There are 2 protein chains.
Amino acid sequence: MTSRPAETLAQRKRQLVADELTQAALGLLARGGFDAVTVDEIAAAAGVSKRTFFRYFASKEDVVVQFLTGLGAAMREELASRPASEPPSTALRHTVWRSIDACAGQTERTLRVVQLILGTPALLARFLERQAQWREELAAVVAERLGLDPATELYPRLAAGMALTAFHTVLQQWSESDGTKDPAVLTDGCFTVIAPALDAVAGE
Amino acid sequence: MTSRPAETLAQRKRQLVADELTQAALGLLARGGFDAVTVDEIAAAAGVSKRTFFRYFASKEDVVVQFLTGLGAAMREELASRPASEPPSTALRHTVWRSIDACAGQTERTLRVVQLILGTPALLARFLERQAQWREELAAVVAERLGLDPATELYPRLAAGMALTAFHTVLQQWSESDGTKDPAVLTDGCFTVIAPALDAVAGE
DNA sequence: GTCATGCTTGACACTCGGTGACACATGGGG
DNA sequence: CCCCATGTGTCACCGAGTGTCAAGCATGAC
């Protein structure tokens with residue numbers, strides 16, 4: 001009676017283990033900090049071996065940063081789907097907002113994860129690494145929208161960089177305010193500041 | 001005949017070892033990449049033990065990223081020394097230029113180091129981590145210049161973030177062009193793009 | 001010249017993140 | 001019933017990074 005008998009059976013078991021691992025990791029890392037908890041402990045708490053942990057996550061950081069997976073692709077798609085007639089500031093604001101909204105959706109857990117990331121150097125580094133990737137991807141889309149050569153033109157990378165600076169700043173403020181401040185308001189605030197630069201130039 | 005007999009004696013020996021280590025590391029890492037070379041090999045090439053390597057550098061990444069040390073402090077000082085009457089875009093452009101100039105000074109070696117950093121995930125992550133620190137520091141100075149509260153106001157962090165985005169973009173373009181493009185021109189180009197956002201707001 | 005002091009180093013052992021190899025279980029399809 | 005595929009545990013291993021201790025070597029006092 002399963003609507004999807006094939007392929008879901010094994011995959012749901014897999015998802016189950018992954019969830020268990022994530023749950024255990026987040027619980028342990030929340031108290032004690034990132035360095036104080038070993039992978040062995042996380043695996044033991046989830047009832048699997050260390051080896052199995054690494055079959056699910058590429059690194060210890062990945063357990064925490066995993067929820068960012070696909071965010072880059074989502075942003076790129078969102079930006080690509082915005083009408084080309086839209087000014088860059090509007091298109092990018094929607095792009096960033098999509099990510100913020102996806103992050104800040106289930107407020108409680110996500111907030112603590114974000115605080116953990118921003119407060120742990122090793123995690124922050126991974127996070128920043130991802131952002132750097134996203135910047136390249138977004139820059140490519142921006143360049144395409146405007147018909148610019150991303151290799152020679154400065155604008156695409158700068159625009160993508162500014163948008164991600166806004167993204168990061170919103171997350172910071174949100175995290176530091178313990179979820180008090182409204183992400184939507186923060187996002188709009190950021191984009192009113194950077195919009196003049198985003199919309200001023202266009203071509204050359 | 002030494003103008004400074006005291007305290008320099010031991011410290012110059014230390015500097016000698018550090019230089020030897022850096023030299024060996026950069027040489028080995030240039031070919032083979034970052035992961036292919038072990039700390040033991042670097043230490044052996046410099047004629048010291050692995051343990052001694054870690055007495056000079058906190059991590060394997062540090063050997064490469066070390067030349068960034070003090071760059072953050074230099075930027076902060078530069079920004080703090082700019083007249084308060086100067087528009088933010090001008091002050092920040094000089095701040096960034098100071099770092100670019102310090103980096104791109106001895107073109108040949110620095111270029112390869114920058115290319116190594118930007119092309120190696122682990123190194124890029126460390127680099128980005130530093131930038132994040134600098135951003136906080138610069139944001140604090142910007143806030144002070146304008147008499148804003150960095151905890152509630154969005155502008156300082158955004159301004160610092162945009163400046164560092166410019167910094168990063170210049171380094172990227174410079175590195176990808178194999179040193180062909182002029183860093184000074186690139187820096188000016190970046191700041192003409194972001195200046196509208198930097199100067200538009202000021203207070204509220 | 002000799003001894004005491006303090007800093008630097010090497011050697012060793014150890015922890016922890018991460019990977020490769022192999023062996024074992026389960027489960028589904030011929 | 002057997003075969004194959006996938007997921008898992010165990011074990012061995014590598015490399016980064018740290019603590020400890022003893023030896024080397026400089027300096028300075030007597």
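Below, chains carry the letters A, B, ... as their sequence lines are ordered, and counting in each starts from 1. As a basis for the values below, the full set of heavy atoms in this structure was taken, side chains included, without hydrogen atoms, waters or symmetry mates. Note that the coordinates shown come from a computational prediction; the quantities given were computed from them, not determined experimentally.
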- Item | Validation row: Y56(B), R14(B) side chains within 4.5 angstrom (heavy atoms) | yes

- Query: With respect to the side chain of R55(B), which nucleotide from dT18(D), dT9(C), dT8(D) is positioned closest?
  - Reply: dT9(C)

- Item | Sugar-phosphate, base or nothing in reach of K13(B), heavy atoms under 4.0 Å | nothing

- Minimum-distance nucleotide (side-chain atoms of T38(B) versus dT19(C), dT9(C), dA16(D)): dA16(D)

- Message: Looking at S89(A), is its backbone amide N or carbonyl O close enough to the side chain of D199(A) to form a donor-acceptor pair, meaning the two atoms are under 3.5 Å apart?
- Response: yes

- Message: Rounded to whole Å, please give me the gap between CD1 in I42(B) and C1' in dG17(D).
- Response: 14 Å

- Let me know the distance between CG of L123(B) and C1' of dA16(D), rounded to the nearest Å. 15 Å

- Message: Check R157(B) with E176(A), please: is the shortest side-chain N to carboxylate O separation under 4.0 Å?
- Response: yes

- Item | Whole-Å gap separating P (dT8(C)) and CD (Q15(B)) | 14 Å

- Query: Whole Å only: how far is the CZ atom of R14(B) from the P atom of dG6(C)?
  - Reply: 19 Å

- Gap between atoms CG and P, on D62(A) and dT19(C) respectively (whole Å): 10 Å

- Query: In whole angstroms, how far is the C1' atom of dT15(C) from the CG atom of D40(A)?
  - Reply: 10 Å

- Item | R82(A)/E78(A) ion pair, N-O < 4.0 Å | yes

- V17(B) has a side chain; which of dG17(C), dT9(C), dA21(C) sits nearest to it? dT9(C)

- Please check the phosphate of dT9(C) (OP1 and OP2 only) for any side-chain N or O of T52(B) closer than 4.0 Å. no

- Query: In whole angstrom, what separates F54(B)'s CZ from dT20(D)'s P?
  - Reply: 18 Å

- Counting only side-chain N and O atoms of Y56(A), is one of them less than 4.0 Å from OP1 or OP2 of dT8(D)? yes

- Proximal nucleotide (of dG17(C), dG17(D), dT18(D)) relative to the R51(B) side chain: dT18(D)

- Taking the side chain as every heavy atom from C-beta outward, state whether W174(A) and L111(A) have any pair of such atoms under 4.5 Å apart. yes

- K60(A), nearest nucleotide to its side chain (from dG19(D), dG17(C), dA16(D)): dG17(C)

- Could you state the atom-to-atom distance from NZ of K50(A) to C1' of dA21(C) in whole Å? 15 Å

- Walking DNA chain D from its 5' end, the first of D35(B) and F53(A) to be reached, judged by nearest nucleotide, is F53(A)

